[in-house]
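Since the structure is predicted, the reported quantities are computational estimates derived from the model, not experimental observations.
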Amino acid sequence: MEIFEKLGLGWFEILFHVVNLVILVVALYFLLYKPIKKLIANHRAKLAAVVEENARLNEEANESKHRYEQMLAEVKEEAAQVIADATEKTQKKSEETLAAAREQAKAIVETAKREAEAETRRIEQANRDKVADMAIMMAEKILAREVGKEDNKKIIDECLKEWE
């Protein structure tokens with residue numbers, strides 16, 4: 001207390017400064033601390049809302065990614081099925097075309113065989129007719145006169161030359 005007296009302060013002045021200090025602390029509490037505390041609480045609430053929104057958006061993004069991957073898998077599966085169907089149809093069509101071509105070739109070969117056989121029979125018949133005509137002609141010449149060995153050979157050679 002001696003210190004206060006040396007400074008020229010009495011009880012009344014010390015009490016006055018203590019009351020002023022209390023008033024200043026209370027005023028600062030209401031004017032600064034409460035608004036700043038309220039401001040900090042608001043910022044925390046906004047930050048919590050942003051964190052919550054961020055979590056929600058991440059969840060939505062993950063769901064969208066999952067749906068996208070699922071759709072992509074379905075599209076790939078569908079594309080594979082379409083390719084398999086197209087391949088199967090193409091294979092079937094080529095087999096049908098090949099079978100039709102074989103049938104057509106078989107028919108052409110059969111037709112060619114029949115025509116060749118008919119042509120062979122016609123040529124054989126024509127040759128038989130020629131041989132028969134030649135034999136008749138030779139017989140007529142031989143019967144028309146009497147012939148010797150040389151004449152007979154000469155007639156046969158002439159007939160063969162005509163036949164060739």
Would you say that more than 12 heavy atoms from the other residues, nucleotides or ligands in this model lie under 6.0 Å from the CD of Gln104, or not? no
Separation of Glu124 CD from Glu117 CD (nearest 0.5 Å): 10.5 Å
Hey, could you give me the NZ/CG distance between Lys65 and Asn58, rounded to the nearest 0.5 Å? 11.5 Å
Hey, can you pull the donor-acceptor pairs under 3.5 Å for the side chains in residues 39-53, sequence neighbours left out?
residue : atom : partner : partner atom : Å
Glu53   : OE1  : Arg56   : NE           : 3.3
Glu53   : OE1  : Arg56   : NH2          : 3.1
Glu53   : OE2  : Arg56   : NH2          : 2.2

Between Gln91 and Glu95, do the side chains contain a donor N or O and an acceptor N or O under 3.5 Å apart? yes
More than 12 foreign heavy atoms under 6.0 Å from CD of Glu77: is that the case here? no
Rounded to the nearest 0.5 Å, the CD atom of Glu88 sits from the CD1 atom of Ile83 at a distance of 14.0 Å
Measuring from atom CD of Gln81 to atom CD of Glu74, what distance do you get when rounded to the nearest 0.5 angstrom? 14.0 Å
Quick one: CD on Glu78 to CG on Asp85, what's the gap to the nearest 0.5 Å? 10.5 Å
Are Arg122 and Glu119 side-chain neighbours, meaning at least one heavy-atom pair lies under 4.5 Å? yes
I'd like to check the ring-ring contact (aromatic ring centres under 6.0 Å, His included) partners of Tyr29; sequence neighbours left out, ordered by chain and number. Tyr33
Look up atom CG in Leu24 and atom CG in Leu31, then write down how far apart they are to the nearest 0.5 Å. 9.5 Å
For Glu63, side-chain contact (heavy atoms from CB on, under 4.5 Å) partners two or more places apart: Glu59, Arg67
Please tell me whether Leu21 and Phe12 are part of a single hydrophobic cluster in this structure, the criterion being side-chain heavy atoms less than 4.5 Å apart. no
